[in-house]
Novice: 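Would you mind keeping the following structure in view while I ask a few things?
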Protein chains: 2
Amino acid sequence: MAGVSVATVSRVINQNGYVTKDTEQKVRKVIELLHYEPNAVARGLAGKQTGTIAFILPDISNPFFPEVARAVEDVAQAHGYTVILCNSDDEGHKERSYIEVLKKKYIDGIIFASNTMGQEDMQKLYHIDDLPVVALDRAPTNQTCSVIRSKNYAGAQMAVNHLLSIGCRKIAHIYGPPQFVTARERLAGYQELVKKFPWYSPDLMVPGNFHLDGGMKAAEQLLRAHPDVDGIFAGNDLMALGALKTMSRLGIRVPEQISICGFDGIALTAVTEPELTTIAQPIYEMGATAARVLIEKIQGNDTNAQEYELEVELVERGTTRKKVT
Amino acid sequence: MAGVSVATVSRVINQNGYVTKDTEQKVRKVIELLHYEPNAVARGLAGKQTGTIAFILPDISNPFFPEVARAVEDVAQAHGYTVILCNSDDEGHKERSYIEVLKKKYIDGIIFASNTMGQEDMQKLYHIDDLPVVALDRAPTNQTCSVIRSKNYAGAQMAVNHLLSIGCRKIAHIYGPPQFVTARERLAGYQELVKKFPWYSPDLMVPGNFHLDGGMKAAEQLLRAHPDVDGIFAGNDLMALGALKTMSRLGIRVPEQISICGFDGIALTAVTEPELTTIAQPIYEMGATAARVLIEKIQGNDTNAQEYELEVELVERGTTRKKVT
DNA sequence: TTGAAAGCGCTAACAA
DNA sequence: TTGTTAGCGCTTTCAA
């Protein structure tokens with residue numbers, strides 16, 4: 001110790017315990033002088049907090065997630081945390097193996113955007129009750145896990161209402177894999193609103209896979225069965241873009257002949273021409289909120305689970321336009 | 001120790017030092033029994049290796065990077081490493097602050113895809129000579145840093161040759177920010193090949209920003225100055241997509257009136273209609289190679305810097321088509 | 001071949 | 001208010 005003391009330094013650095021202004025000054029000076037940097041790993045060992053959180057998602061290549069990841073990292077960074085990225089491909093065994101590794105590394109908390117395991121599994125199997133967890137888009141089943149979601153049901157209805165309002169008279173829906181809550185909610189929102197119409201028919205709802213190709217195929221199938229469809233609400237933007245592609249290939253004009261509305265609000269919706277009308281989730285905000293909530297939990301405030309339901313917004317663009325009749 | 005020994009366990013786990021088959025068996029059994037999991041943080045403290053690498057990139061929201069990140073994470077994961085994600089926005093101070101944090105955390109190595117600092121800075125300022133580093137897309141200036149790149153110059157010429165071969169007779173180039181080597185190399189490749197033609201003119205090269213809007217504006221500007229351009233080679237896919245958008249807005253048919261070729265091979269090139277012809281880099285492969293090389297360095301083999309130059313490939317799609325004359 | 005013990009660098013309880 | 005010291009859980013000499 002160039003100055004005088006020993007682990008009073010610790011007190012200075014952590015700003016806890018009693019220290020005289022005087023000695024504090026001294027210590028800080030020496031710290032400065034020596035370019036001293038506390039060793040994070042040692043602190044981790046001693047304090048069981050590493051200033052690291054993990055973000056487990058299905059696949060960072062899926063265009064929805066980079067923006068979320070960016071938000072998570074931004075907020076984490078701002079609070080002095082570092083984030084570990086984990087691609088689970090929605091496979092349970094990958095999630096599990098990540099969790100094991102992460103726990104060994106004294107991770108401080110986890111943000112889950114991957115859907116495989118029920119919360120119960122997580123708790124039971126991995127004893128992460130103690131570990132702060134926040135989830136994106138799934139129902140909370142335990143007390144320690146907060147959830148960030150957005151208004152899928154209401155959003156779906158906004159989409160349908162928008163299509164109705166511009167004059168569509170037969171609206172179909174391409175829905176995502178039913179194992180995702182988001183897909184189910186959006187489907188339900190559509191169905192509820194639409195079932196009262198005379199043109200309603202269950203096979204106006206066709207399954208997709210939340211990807212481009214799924215949207216393309218679903219749209220083809222749809223048009224074969226219902227050539228008179230004049231509006232499509234897709235369960236996410238990727239499938240909507242797929243549908244748009246199919247239209248383009250079949251020589252069907254959008255929005256003149258068929259209007260298309262997506263869901264998510266990913267950046268890609270602005271690259272096509274016409275640009276895609278969509279129900280935009282506050283994607284960045286969702287990631288940022290998740291990180292914020294997680295960090296608050298880690299730091300001890302706000303222990304109980306909460307559900308945050310963010311607003312969605314209709315972004316009207318080229319793939320939908322008022323019909324001139 | 002439930003079995004018999006003490007830190008022989010360490011030897012067993014790390015498979016080093018002498019241990020009898022017999023005691024090894026015993027130890028393993030107890031490990032199994034107790035569900036013992038070595039504590040990674042403690043190992044980190046003791047051994048100065050944490051099994052964690054960092055991936056510093058400009059922005060994970062930029063569509064080029066998710067696929068790289070995915071590759072890095074896949075390979076890391078396969079080798080028992082965990083990856084920390086860092087968005088630098090190409091700002092030096094962010095890179096620096098990350099490096100500081102990462103060093104404190106005993107990170108084992110860094111993959112750099114961010115371009116701000118010269119290697120010299122990195123070495124001089126942050127003493128990361130000891131730390132294994134591999135860079136994506138930049139010239140190596142020091143001995144310890146390997147570089148992964150792809151054939152930008154040759155790729156640019158493939159693009160131009162392709163446009164020539166389908167009958168384009170006046171080919172423009174939208175180039176990226178000159179501070180990026182990749183942008184400079186692609187520009188050089190274009191220029192070298194094109195300067196011998198009578199139609200060549202320096203203002204056929206217009207600047208873009210590697211983003212969609214930059215491509216859109218550049219294309220507008222270009223067409224104003226040279227309405228007779230019939231081929232555009234953009235420095236990356238995003239700008240090419242921007243150019244495509246501009247064409248679509250101006251009612252110019254692609255590929256009939258103007259052909260467009262991009263560079264990178266990102267997934268987005270398949271969402272538009274027509275789909276974008278592009279010079280595809282092996283994006284995933286680049287990330288995977290970076291991770292592989294880094295891990296090899298970390299593990300001691302292969303200490304010296306190498307340059308890996310990966311092949312690119314022409315992916316012919318809808319935005320270019322043989323002119324019928 | 002195995003055990004004892006000294007760290008790795010920091011935090012926190014306990015004395016002083 | 002500050003110093004001592006015992007861990008945190010593992011690796012690694014050095015002896016035995």
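Every chain is numbered from 1, with letters handed out A, B, ... down the list of sequences.
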Novice: Can you tell me if the side-chain N/O atoms of Asn14(A) get under 4.0 Å from OP1 or OP2 in dT11(C)?
Specialist: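 True: Asn14(A) side-chain N/O within range (under 4.0 Å) of dT11(C) OP1/OP2.
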Novice: How close or far is atom C1' of dA12(C) from atom CD of Gln49(A), stated in whole angstroms?
Specialist: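 In whole Å, dA12(C) C1' and Gln49(A) CD are 15 Å from each other.
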Novice: In terms of side-chain geometry, is the basic nitrogen of Arg28(A) or Glu24(A) positioned less than 4.0 Å from the acidic oxygen of its partner?
Specialist: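 Result for this pair is yes, salt bridge flagged.
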Novice: Return yes if some donor-acceptor pair links the side-chain N/O of Asn87(A) with the main-chain N/O of Asp89(A) below 3.5 Å, else return no.
Specialist: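 Checking the backbone N and O of Asp89(A) against the side chain of Asn87(A), no donor-acceptor pair under 3.5 Å is found.
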Novice: Is Lys48(B) close enough to dG9(C) that one of its side-chain N or O atoms is under 4.0 Å from OP1 or OP2 there?
Specialist: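 Checking Lys48(B) against dG9(C): at least one side-chain N or O falls below 4.0 Å of OP1 or OP2.
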Novice: Whole angstrom is fine here: how far is it from OH in Tyr106(B) over to P in dC8(C)?
Specialist: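 In whole Å, dC8(C) P and Tyr106(B) OH are 9 Å from each other.
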Novice: In terms of side-chain heavy atoms, does Asp90(B) have a donor or acceptor partner in Ser88(B) at a distance below 3.5 Å?
Specialist: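 No, Ser88(B) and Asp90(B) have no side-chain donor paired with an acceptor closer than 3.5 Å.
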Novice: Below 4.0 angstrom from OP1 or OP2 of dT12(D), is there any side-chain N or O of Ser10(B)?
Specialist: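 Checking dT12(D) against Ser10(B), no side-chain N or O comes under 4.0 Å of OP1 or OP2.
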Novice: Could you check how far CG of Leu45(A) sits from P of dC10(D), rounded to whole Å?
Specialist: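 Whole-Å distance recorded here is 9 Å.
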Novice: By nearest heavy atom, map Asp22(A) and Ala42(A) onto DNA chain D; which one lands nearer the 5' end?
Specialist: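 It is Asp22(A), whose closest nucleotide lies nearer the 5' terminus.
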Novice: Side chain of Thr8(A), heavy atoms from C-beta onward: which of dT2(C), dT2(D), dT12(D) has the nearest atom to it?
Specialist: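 Per side-chain heavy atoms of Thr8(A), the pick is dT2(D).
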Novice: Quickly work out the Gln25(A) CD to dT2(D) P distance and round it to whole Å.
Specialist: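 For the pair Gln25(A) CD and dT2(D) P, the rounded distance is 12 Å.
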Novice: Considering only side-chain heavy atoms of Arg43(B), which listed nucleotide, dC10(D), dC10(C), dC8(C), is closest?
Specialist: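 Within the option list, the nearest is dC10(D).
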Novice: Choose from dT1(C), dG7(D), dG9(D) the nucleotide whose nearest atom is closest to any side-chain atom of Ala46(B).
Specialist: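 Of the options given, the side chain of Ala46(B) lies nearest dG9(D).
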Novice: Picking from dA4(C), dT11(C), dC8(D), which would you name as closest to the side chain of Arg11(B)?
Specialist: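 Nearest to the side chain of Arg11(B) among the choices is dA4(C).
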Novice: Side-chain donor-acceptor pair under 3.5 Å between Asn62(B) and Arg70(A), yes or no?
Specialist: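 Distance-only check fails for Asn62(B) and Arg70(A).
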Novice: Any side-chain N or O of Thr20(B) under 4.0 Å from OP1/OP2 of dT1(C)?
Specialist: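 Looking at the OP1 and OP2 atoms of dT1(C), neither is under 4.0 Å from any side-chain N or O of Thr20(B).
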Novice: Could you give the OH-to-P distance, from Tyr18(B) to dC14(D), as a whole number of Å?
Specialist: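 In whole Å, dC14(D) P and Tyr18(B) OH are 16 Å from each other.
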Novice: Quickly work out the Lys103(A) NZ to dG9(D) C1' distance and round it to whole Å.
Specialist: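 Rounded to whole Å, this separation is 16 Å.
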Novice: Roughly how many Å is it from NZ in Lys105(B) to C1' in dC8(C), rounded to a whole number?
Specialist: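 Whole-Å distance recorded here is 18 Å.
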Novice: Once you round it to whole Å, what is the distance between C1' of dT1(D) and NZ of Lys26(A)?
Specialist: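 Roughly 12 Å, once rounded to whole Å.
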Novice: With no hydrogens and no angle check, do the side chains of Ser146(B) and Lys297(B) hold a donor and an acceptor under 3.5 Å apart?
Specialist: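 Yes, because at least one side-chain N or O of Ser146(B) sits under 3.5 Å from a partner of the opposite role on Lys297(B).
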